[in-house]
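What follows is a single structure, written as C-alpha cells, with notes after it.
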Amino acid sequence: MPPKKSPTLTDAELRIMDVLWRRGSGTVQQVLDGLAPNLAYNTILTTIRILEKKGYVKHVKDGRAHLYEPVVGREQASRSAIRHLVGRFFRDSHEALILNILENESIDTEELKRLRHLLEGSGGE
C-alpha cells in the first residue's frame, strides 16, 4: 500500500514553494536556479508534480515548457500546517499548543507583552 499523502508540505516542497512564492511563477529550471546548485532537475520536477497533485501549484504551457504557479498562498499553507499540527499532536486544542509553546520555549519580555496585548484585545476568549 502506498504511503498516505501528506496534506502539509515536506521540507523539500516548502523550499520549492518559497521560490514560487517569491517569483510568482517559474519553470522547473527557474525553480532549480533559485535553489541549491547541486540538486537534480528531475528531483525538482518530481517534487513539483507532487505539489501539483496536492493542489499547491498549477501549470500553464509556455511554449515547450510548463510554467508553474502557486495556487495556495504562504499564509494559507501556514494555517493548514498549524491545523494539522494541532490535530495530530494536541487533540485539536489550540490552547494546548499555545501552552506547550509558552512552557517549553524561551519567550522574551517584548514577545510576552505583544501576546498579552493580543489576548486582551480579543477579550481574552
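Quick note: residue numbers are just sequence positions, from 1.
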Working to the nearest 0.5 Å, report the span between CZ of Arg74 and CZ of Arg22. 8.0 Å

Taking Lys54 for its side chain and Thr8 for its backbone only, find out whether a donor-acceptor pair lies under 3.5 Å. yes

Check: Val31 and Tyr68 side chains under 4.5 Å, non-hydrogen atoms: no

Kindly compute the distance separating CD (Glu13) from CD1 (Ile48), expressed to the nearest 0.5 Å. 11.0 Å

Determine, using the 4.5 Å side-chain heavy-atom cutoff (strictly less than), whether Ile107 and Leu97 are members of one ILVMFWY cluster. yes

Between Gly24 and Pro70 the two heavy atoms that sit nearest each other are O-CD, 3.1 Å

In terms of side-chain geometry, is the basic nitrogen of Arg79 or Glu75 positioned less than 4.0 Å from the acidic oxygen of its partner? yes

Would you confirm whether Asp62, through its side chain, and Ala65, through its main-chain N or O, come within 3.5 Å as a donor-acceptor pair? no

Per side-chain contact (heavy atoms from CB on, under 4.5 Å), Ile16 is matched among Leu39, Thr10, Ile50, Leu35 by Leu35

Could you go through Ile98 and Leu115, starting from their C-alpha distance and side-chain angles, then the distance that decides it, and tell me whether this counts as side chain to side chain contact (heavy atoms under 4.5 Å, CB included)? CA-CA 11 Å; Ile98 292 168; Leu115 288 170; over 6 Å; no

Val71 side chain near Glu52 side chain, heavy-atom distance below 4.5 Å: no

Does atom CG (Asn38) have a neighbourhood of more than 12 heavy atoms from anything else shown, all under 6.0 Å? yes

Take Asp33 and Val19 through the test side chain to side chain contact (heavy atoms under 4.5 Å, CB included) and record every step on the way to the result. CA-CA 9 Å; Asp33 292 344; Val19 172; over 6 Å; no

Output all residues satisfying side-chain contact (heavy atoms from CB on, under 4.5 Å) with His94, sequence neighbours left out; order by chain, then residue number. Val86

If you look at every heavy atom in Ser93 and Ala96, which pair is closest and at what distance? OG-N, 3.0 Å

Nearest 0.5 angstrom please: Leu32 CG to Gln30 CD, how far? 10.5 Å

4.5 Å side-chain heavy-atom contact, Met17 and Tyr56: yes

For Asn42, does its backbone N or O pair with a side-chain atom of Thr46 as donor and acceptor, under 3.5 Å? yes

Smallest heavy-atom separation, Glu69 atom then Ser25 atom, equals CB-CB, 3.8 Å

Does one hydrophobic cluster hold both Leu20 and Tyr41, with members joined at side-chain heavy-atom distances below 4.5 Å? yes

Ser80 side chain vs Gln76 backbone, donor-acceptor pair below 3.5 Å: no

Roughly how far, to the nearest 0.5 Å, is CG of Asn100 from CD of Glu95? 12.0 Å

Spacing of Arg114 atom CZ and His117 atom NE2 [to the nearest 0.5 Å]: 11.0 Å

Interatomic distance, OG1@Thr47 vs CG@Leu14, rounded to 0.5 Å, equals 12.0 Å

